[in-house]
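Accompanying notes for the structure given below.
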Amino acid sequence: MLWLILTFHVLGASIWTGGHLVLATTVLPRALTAGDPGILLRFEQGFERIGIPALVVQVATGLWLASQVSDPGRWLSFADPVSAAVGVKLCLLAATALFAANARFRVIPTLSAESLPLMGWHIRAVTLFSVVFVMAGVWIRTGGF
Ligand code: HEM
């Protein structure tokens with residue numbers, strides 16, 4: 001069972017983090033240089049179809065994995081290295097949700113060449129969170145640095 005859940009978790013991580021790295025390092029610079037929000041929106045429409053299900057899979061499999069390695073009552077205690085890594089993941093999830101909601105409901109509806117740089121900072125932040133998600137996951141198995 002663990003191998004199957006972990007396979008879905010790592011597959012979801014490949015999609016979520018990989019997609020954001022492609023977005024932040026190739027699509028976003030192209031959109032900023034051209035001053036064309038359409039370049040971003042076209043990528044996001046395609047990516048959303050696989051990216052959002054991947055994030056849902058991450059949360060569901062992640063909560064199950066977390067319950068295997070640490071007692072739920074300790075997840076936000078930061079009392080030991082494993083609970084701390086789970087706590088970091090939960091904080092990253094909250095931060096990702098805040099940035100995604102702000103982008104979706106406040107920035108994207110009026111996205112223009114002028115507001116592209118603001119959208120760019122949202123994308124860079126969520127990409128950074130996605131990389132730290134991977135690092136915190138690896139810390140759990142390896143015990144940190
Ligand atoms: C986009 C979000 C996420 C990404 C990219 C991600 C990525 C990863 C990666 C790469 C691993 C390493 C797997 C390994 O060592 O074999 C991992 C492990 C883990 N993740 Fe996540 N994760 C995400 C979300 C979550 C969430 C929301 C939770 C729940 C708190 C979570 C809990 C865990 C746990 C407990 C492990 C350790 C599994 C083990 O070693 O047995 N993850 N994650």
Side-chain angles (χ1 to χ4, degrees), residues 1-33 36-111 115-145:
M1 187 66 168
L2 172 65
W3 71 269
L4 186 64
I5 304 270
L6 200 51
T7 300
F8 277 111
H9 197 73
V10 174
L11 202 55
S14 314
I15 294 168
W16 183 255
T17 305
H20 276 89
L21 285 170
V22 171
L23 173 61
T25 61
T26 71
V27 182
L28 176 62
R30 221 183 303 138
L32 286 171
T33 305
D36 178 4
I39 295 175
L40 267 191
L41 295 175
R42 277 191 293 279
F43 178 87
E44 293 231 336
Q45 274 161 12
F47 181 61
E48 254 180 17
R49 258 178 264 140
I50 180 164
I52 299 300
L55 184 60
V56 171
V57 166
Q58 287 314 95
V59 176
T61 55
L63 292 176
W64 186 86
L65 289 167
S67 72
Q68 304 298 301
V69 294
S70 167
D71 188 86
R74 293 171 71 87
W75 285 357
L76 287 172
S77 70
F78 295 84
D80 59 273
V82 169
S83 304
V86 171
V88 165
K89 280 187 169 240
L90 292 174
C91 293
L92 288 168
L93 187 60
T96 300
L98 284 178
F99 272 79
N102 198 50
R104 177 72 187 78
F105 298 112
R106 295 182 63 184
V107 185
I108 292 178
T110 57
L111 191 62
S115 58
L116 258 183
L118 177 64
M119 185 62 196
W121 285 111
H122 281 73
I123 290 171
R124 290 187 195 104
V126 172
T127 303
L128 180 67
F129 299 155
S130 77
V131 171
V132 183
F133 258 123
V134 170
M135 292 170 72
V138 172
W139 288 336
I140 291 172
R141 195 163 284 274
T142 59
F145 292 112

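For ligands, and for the atoms within them, numbers begin at 1 and follow the listed sequence. When reading the values below, keep in mind they use all heavy atoms of this one structure, side chains included, and skip hydrogens, waters and symmetry mates.
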- Compare all side-chain heavy atoms of Leu21 with those of Thr26 and state whether any distance is below 4.5 angstrom. no

The answer for which part of Leu6 has a heavy atom under 4.0 Å from ligand 1 is side chain

heavy-atom search around atom 42 (N) of ligand 1 in the protein gives Lys89 NZ, 2.8 Å

re atom 41 (O) of ligand 1, the protein heavy-atom contact at minimum distance is Arg141 NH2, 2.9 Å

Atom 4 (C) of ligand 1 sits nearest the protein heavy atom Gln58 NE2, 3.2 Å

Under 4.0 Å from one or more heavy atoms of Leu63, ligand 1 contributes atoms 29 (C)

Self-check item: Phe43 atom CZ, over 12 foreign heavy atoms within 6.0 Å
Solution: yes

| query | Is Ile123 close to Phe99 at the side-chain level, that is, under 4.5 Å between some pair of heavy atoms? | reply | no

In ligand 1, the atoms that come under 4.0 Å of a heavy atom of Thr17 are 5 (C)

shortest atom 28 (C) of ligand 1-to-protein heavy-atom contact is with Gly62 CA, 3.4 Å

Any donor-acceptor N or O pair under 3.5 Å, side chains Ser83, Ser70: yes

The answer for which part of His9 has a heavy atom under 4.0 Å from ligand 1 is side chain

Under 3.5 Å, side chain of His20 to main-chain N/O of Trp16, donor-acceptor pair present? yes

Honestly, for Leu90 the part within reach of ligand 1 (heavy atoms, under 4.0 Å) is side chain

Ile140 heavy atoms within 4.0 Å reach ligand 1 at atoms 34 (C), 35 (C), 36 (C), 37 (C)

Quick note on ligand 1: atoms under 4.0 Å from a heavy atom of Ala13 include exactly 5 (C), 7 (C)

Quick note on ligand 1: atoms under 4.0 Å from a heavy atom of Trp16 include exactly 1 (C)

One finds that the ligand 1 atoms under 4.0 Å from a non-hydrogen atom of Leu65 are 34 (C), 35 (C)

The atoms of ligand 1 lying under 4.0 Å from a heavy atom of Ala66, numbered in the order shown, are 35 (C)

Given the options Leu92, Thr96, Thr17, Ser130 meets side-chain contact (heavy atoms from CB on, under 4.5 Å) only with Thr17

*Can you tell if the side chain of Gln68 reaches within under 4.5 Å of the side chain of Met1, non-hydrogen atoms only?*
no

**Asked** What do you reckon, is CD1 of Ile50 surrounded by more than 12 foreign heavy atoms closer than 6.0 Å?
**Response** no

Residue, atom and distance of the protein heavy atom nearest atom 10 (C) of ligand 1 read Val134 CG1, 3.8 Å

Discussion item. Any heavy-atom pair between the side chains of Phe47 and Ile15 that's under 4.5 Å?
Written reply: yes

Numbered in order shown, the ligand 1 atoms found under 4.0 Å of a heavy atom of Gly137 are 11 (C), 12 (C), 17 (C), 18 (C), 19 (C), 43 (N)

